Amino acid sequence: MSDTPSAPASQDFIREMIATDVADQRNDGWVITRFPPEPNGYLHLGHAKSICLNFGLSEENGPKARCHLRFDDTNPTKEEVEYVDSIMEDVKWLGFDWGDHLFYASDYFEKLYGFAVSLIKKGLAYVDDQTHEQMRATRGTLTSPGTASPYRDRSVEENLDLFARMRAGEFKEGERVLRARIDMASPNMNMRDPAIYRILHAHHHRTGDAWCIYPMYDYAHPLSDALESITHSLCTLEFEHHRPLYEWLIANVDGLPGQPYQREFARLNLTYTLMSKRKLLKLVKEGLVNGWDDPRMPTISGIRRRGYTPEAIRSFCKIIGLTKYPSLTELGLLEHSVREDLNKHAQRVYAVLRPIKVVLSNYPEGQVEHVELVNNPENEADGKRLVPLSRELYIDADDFMETPSVGFHRMVLGGEVRLKYAFCIICQEVIKDADGNITELRCTYDDATRHGAKPVGRPKVKGTIHWVSAAHALDVEVRLYDKLFTVEQPDEQAGEEGDFTQFLNQESLQIISAKIEPSVATAKPGSHFQFERVGYFFTDPKDSQLGKPVFNRTVQLKDGFVKK
RNA sequence: UACCUCGUGGUGUAAUGGUAACACAGGAGAUUUUGAUUCUCUCGUUCAAGGUUCGAGUCCUUGCGAGGUAACCA
């Protein structure tokens, strides 16, 4: 594929390592990676990082490369088909394709069982009758070695018999476990005779009731990798300590088609959010958000519904890089990525989020004109549209100040402001209700300042604001989303036993009714827009109907104006 | 008071023993009928101490700091 020898600018430590392997013709030059989620929840941005890495590697390494999607479904008590489906949808949405290489660890149950039998025969695995508590007590601690189980030296025959009876369902959950026979004194806790099979009388979403013993991750994962001829098994840092066990299994199980190795990278941490499946599940279960695809969630389905694009996510994953340093990435970087993409592609429309009525007292009653507006200044091919303008309009409350702060150059009483692509107006009178709330602004417009006209000898008008015609505007529901938490690291702040939900941002969702130009009536669900001078918005794919769109705020526009 | 891993501007990353750089964020300005975009400029960095070397962010030693690890979870 890469026939141009122009050296890539820089590579992360994993790509560097893989490039060396390819150059050395390790595995005949093949690069086979895998993305191995457990179907026990929805994918989030942390998974996106892993997906971009694993599938990205496949794209980058030409014809001798591929990436498998494998469901690590070894714990039937937590897994559901719903999650399998959503994971496939999310990977596809990000723009990746596993082709024919869709696998399930559960497809290997019979082979994995056979490997376990072979380990028993080699004297490298044994059935332990100890209770869960006994096993924990004899494992030792971080600073002291463990002690051997009284069942550690059972004969091969007895182990074989017991393991077969485990499979046959003769024992209750917790009564017996199959352990690898390694080293109870290892400084690495994972090597102190880890459990590799446990009894679970549970219904599996794919194998049904065929099994009542299930392999542990530490056992199933390396062997599944090897069975699929994976060359590079990439995972996050918390599995570093599992690497020796991974290698132990690859070395001690005979007849494996592949010899994969594992390397680890730092997981993604983002400010003002959480990336733990368990905690995200809690938010969903307790109704603190509206489901896994709530636009405030860092799930792929959540940010998709928020209006993020696959391009933005992939660009973000590229920017954050790949290291072993446990970094904390600013949410701003993610927002930058989506603004960058949407700026190029989103159609512009005028929308007034918090309307104030403006009446142009010198504009003829009943007259309607149509102003031609550019759909996207970043792309001329997107064309133009006509937007109605009449005597009564709405402007945004943020664009008027009765007592303006320093540097404010939008509308003020007695001041002139430009209605974008229409003409300039001067506010003559502020009308209020009995409570002092502004109900209407009486203004006059100046016909000499129409778009295209270049009146000489007038001071340049600093402010330009957007508007919608009152009689023509559509009332639409707009959901203003903000960060989910009020602190940068809700997890950290809450501490070990603390409750992270105390840091939920109570204003993370505001639902308002906005006035918007009529052109959006035909907007399809799932369309991106820029509300000029406001932000990027996305027509909610679930709740929008043709002619009645519902908008989710993806992200605000950057605002250079700071009130002093 | 074990073991493993990691320490580069505010944040995220690059520099593969040879001039410490890029992006985001921040600041200033220009352009702008979006206080957006775009464009300029700017701010600011190798955890510490020794050692090896002509030369160290990079290699070595020690210290300090951070993260991870004791499910029949993944």
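In what follows, every chain begins at residue 1, and chains take the letters A, B, ... in the order their sequences are listed. None of these values were measured; they are calculated from a predicted model. What you see below is based on every heavy atom in this structure, not just the backbone, and it leaves out hydrogens, waters and symmetry mates.
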message: I need the CG-C1' distance between Leu268(A) and G12(B), as an integer number of Å.
response: 11 Å
- line: Leu200(A) atom CG is separated from C72(B) atom P, nearest whole Å, by 12 Å
Base of [N], side chain of [X] - is there a donor-acceptor contact under 3.5 Å?
{"X": "Glu238(A)", "N": "U69(B)", "result": "no"}
{"X": "Arg339(A)", "N": "U37(B)", "result": "no"}
{"X": "Glu264(A)", "N": "U5(B)", "result": "no"}
{"X": "Arg410(A)", "N": "G35(B)", "result": "yes"}

Applying the Watson-Crick and G-U wobble criteria at under 3.5 Å, what pairs with [N]? Answer none if nothing qualifies.
{"N": "G44(B)", "value": "none"}
{"N": "U61(B)", "value": "A49(B)"}
{"N": "C3(B)", "value": "G68(B)"}
{"N": "G29(B)", "value": "C39(B)"}
{"N": "U16(B)", "value": "none"}
{"N": "U11(B)", "value": "A23(B)"}

task: Output the distance between atom CD (Glu340(A)) and atom CZ (Phe316(A)), rounded to the nearest 0.5 Å.
output: 13.0 Å
task: Step through it carefully: locate the ring centre of Tyr394(A), locate the ring centre of Trp467(A), and say whether they are under 6.0 Å apart.
output: no
query: Short question: side chain of Ser315(A), backbone of Glu311(A) - any donor-acceptor pair under 3.5 Å?
result: no
query: Side-chain N or O of Thr323(A) less than 4.0 angstrom from OP1 or OP2 on U13(B)?
result: yes
message: List the residues meeting side chain to side chain contact (heavy atoms under 4.5 Å, CB included) with Pro326(A), not counting sequence neighbours, and say none if there are none.
response: none
- prompt: Does the side chain of Tyr308(A) come within less than 4.5 Å of Ile300(A)'s, by heavy atoms?
  reply: no
- line: Of Asp73(A) and Ile319(A), the one whose closest nucleotide on RNA chain B sits nearer the 5' end is Ile319(A)
query: Where the side chain of Lys420(A) is defined as all heavy atoms beyond and including C-beta, which of U34(B), A70(B), G35(B) is the nearest nucleotide?
result: U34(B)
task: Quote, to the nearest angstrom, the P distance that separates A56(B) from A48(B).
output: 15 Å
message: Distance check, P atoms only: U16(B) and A21(B), in whole angstrom units.
response: 13 Å
message: Quick test of the criterion, 5.5 Å between centres and less than 30° between planes. Is His241(A) stacked on C3(B) or not?
response: no
